[in-house]
Amino acid sequence: MSSEDQRVITALRSGDEDAFAVLVERYSGQLQRLAYVYVKDRHVAEEVVQETWIGLLQSIHRFEGRSSLKTWLFRILLNVARSRARKESRTIPFSSLFDASKDAGEPSVDADRFQPASARWPDHWATPPSQWHQNPELQAVSSETRAHVKAAIDTLPDNQREVITLRDIDGLTSLEVCNLLTISDTNQRVLLHRARGKVRKALETYVGEAR
Amino acid sequence: MGIEDEITCKEIVELVTDYLESAMSEPDRARFDRHLSTCRGCVIYLEQMRETIRLTGTLTEDSLSLVAKSNLMSAFHDWKREATSST
Ligand SMILES: [Zn+2]
């Protein structure tokens with residue numbers, strides 16, 4: 001167990017209210033976003049997060065530190081969120097069943113953006129991407145830009161949404177995500193790749209329209 | 001090393017994540033870098049991908065409502081009372 005986790009666990013076990021408040025403040029946003037991937041409703045997601053924290057308290061005496069406190073917390077959330085989603089008969093993203101080698105997927109960029117096989121430089125850019133520097137909305141990260149990114153993420157398949165949320169919004173490492181979702185490094189990367197590619201495409205369309 | 005060794009733009013766009021995640025062999029990474037050194041379109045594509053990641057990272061506004069937080073603090077008090085009374 002890391003000394004930081006050890007310190008927090010000891011504080012919680014001794015009933016230290018501030019330690020709990022700090023932890024809630026630090027992780028609730030991440031937990032809430034991950035819960036939302038499964039339950040797709042803000043209020044239900046909030047209930048799932050509350051249930052998760054209570055679950056943590058009730059099992060804190062059993063925590064042995066085989067994983068980090070954070071991973072443990074996220075695992076509790078996954079269990080709560082998945083069973084809640086199941087209860088409401090939603091499909092759950094089975095990232096663990098995803099097999100990158102058997103999933104052709106869509107290309108990140110439409111094929112007609114590249115030169116045809118008959119051209120001088122087949123498969124090189126015919127319509128190359130243009131720089132986004134000049135776009136003030138993107139630079140300032142306007143609320144409209146954020147709304148576009150959010151909308152793009154909301155339309156992703158669940159298992160891609162799960163991975164991009166954990167990696168690019170919550171800032172978990174690839175190792176943390178693989179452990180949490182019990183997926184291989186390759187599958188994690190492919191899901192992330194698909195997700196990022198679609199968000200980029202949505203942004204490109206948005207920038208193109210704004211021009 | 002002939003032209004067959006070179007990566008196409010179409011391949012580059014599917015390799016960006018491996019590149020950004022440092023999940024490439026040294027030779028593949030070298031080929032990728034070599035392509036970038038002569039292809040402005042792919043340099044811009046890579047920039048766009050980094051920008052996409054940066055923008056996605058700004059979607060952090062979700063948090064628990066104050067009501068939920070205060071509920072949690074009362075739950076903590078209940079838990080503490082039970083935990084201390086049972087020992
Ligand atoms: Zn290129």
Side-chain angles (χ1 to χ4, degrees), chain A residues 13 15 17 20-21 24-25 28-33 36 42 45-47 49-50 53-54 57-58 61 107-109 111 113-115 121-125 128-133 138 141 145-146 148-150 153 164-165 168-171 174 185-186 189-190 192-193 196-197 199-200 203-204, chain B residues 3 6-24 35 38-84 86-87:
Chain A
R13 282 178 182 155
E17 184 177 331
F20 184 64
V24 167
E25 204 55 54
S28 289
Q30 298 181 352
L31 293 173
Q32 173 110 338
R33 278 188 291 279
Y36 185 82
R42 258 194 81 84
E46 195 162 278
E47 286 169 26
V49 174
Q50 296 192 65
W53 284 115
I54 291 163
L57 292 176
Q58 285 168 347
H61 61 280
S108 303
V109 174
R113 296 280 299 271
F114 301 101
Q115 299 180 36
W121 303 103
D123 293 341
H124 285 66
W125 291 107
S130 44
Q131 280 179 323
W132 288 349
H133 290 162
L138 251 55
V141 199
T145 302
R146 281 215 301 276
H148 272 83
V149 176
K150 197 166 184 342
I153 291 174
I164 199 172
T165 299
D168 290 348
I169 307 178
D170 294 344
S174 55
D185 197 34
T186 306
R189 211 163 44 241
V190 170
L192 182 64
H193 179 72
R196 283 177 177 175
V199 176
R200 188 212 65 88
L203 280 168
E204 185 174 53
Chain B
I3 190 90
E6 300 309 321
I7 318 180
T8 64
C9 305
K10 204 177 192 171
E11 288 167 328
I12 288 279
V13 302
E14 302 304 344
L15 289 170
V16 279
T17 307
D18 289 0
Y19 184 77
L20 292 170
E21 298 274 292
S22 303
M24 268 180 160
H35 182 101
T38 59
C39 181
R40 190 175 145 76
C42 284
V43 168
I44 293 173
Y45 190 86
L46 187 64
E47 271 173 21
Q48 287 190 353
M49 204 47 99
R50 289 201 167 107
E51 185 69 354
T52 300
I53 296 164
R54 179 181 78 91
L55 292 169
T56 303
T58 65
L59 299 180
T60 53
E61 76 282 10
D62 282 335
S63 189
L64 280 185
S65 64
L66 290 174
V67 178
K69 278 180 196 164
S70 105
N71 285 346
L72 270 176
M73 292 322 289
S74 2
F76 184 77
H77 288 274
D78 294 347
W79 167 79
K80 191 174 160 180
R81 202 176 316 118
E82 277 169 39
T84 44
S86 66
T87 46

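The sequence lines fix the lettering, A, B, ..., with proteins before strands; numbering per chain opens at 1.
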Which of parallel (below 30°), tilted (30 to 60°) and perpendicular (above 60°) describes A/F20 and A/W53? perpendicular
So which part of A/V199 gets closer than 4.5 Å to some heavy atom of chain B, the side chain, the backbone, both or neither? both
Interface check, chain A: of B/V43, B/V13, B/N71, B/I12, most non-hydrogen pairs under 4.5 Å belong to B/V13
Which region of A/I153, side chain (C-beta onward) or backbone (N, CA, C, O), has a non-hydrogen atom less than 4.5 Å from a non-hydrogen atom of chain B, or is it both or neither? side chain
Sorted by chain and residue number, the side-chain contact (heavy atoms from CB on, under 4.5 Å) partners of B/D78 (sequence neighbours excluded) come out as B/R81
Are the side chain of B/S74 and the backbone of B/S70 linked by a donor-acceptor contact shorter than 3.5 Å? yes
Can you tell me how far CG of A/D123 sits from CD of B/E6, rounded to the nearest 0.5 angstrom? 14.0 Å
Whatever's closer than 4.5 Å to a heavy atom in chain B on A/Q32 counts as side chain
So, the part of A/E25 with a heavy atom under 4.5 Å from chain B: the answer is side chain
Where does B/E21 contact chain A at under 4.5 Å (heavy atoms): side chain, backbone, both or neither? side chain
Tell me, side chain or backbone of A/S108 under 4.5 Å from chain B's heavy atoms, or both, or neither? both
Proximity breakdown for B/C42 and chain A, heavy-atom pairs closer than 4.5 Å: both
For A/L203, which atoms come within 4.5 Å of any heavy atom of chain B: side chain, backbone, both, or neither? side chain
Non-hydrogen atoms of chain B under 4.5 Å away: do they reach the side chain of A/R42, the backbone, both or neither? side chain
Top contributor to chain B contacts, counting heavy-atom pairs under 4.5 Å, from A/L31, A/I169, A/L192, A/I164: A/I169
Would you call A/V141 and B/R54 a side-chain contact if the rule is heavy atoms closer than 4.5 Å? yes
B/K10/B/E14 ion pair, N-O < 4.0 Å: no
Residues forming a side-chain contact (heavy atoms from CB on, under 4.5 Å) with A/H133, sequence neighbours excluded: A/Q131, B/E47
Side chain to side chain, B/T8 and A/P122, heavy atoms closer than 4.5 Å: no
A/Q30 versus chain B, the contacting section by heavy-atom distance below 4.5 Å: neither
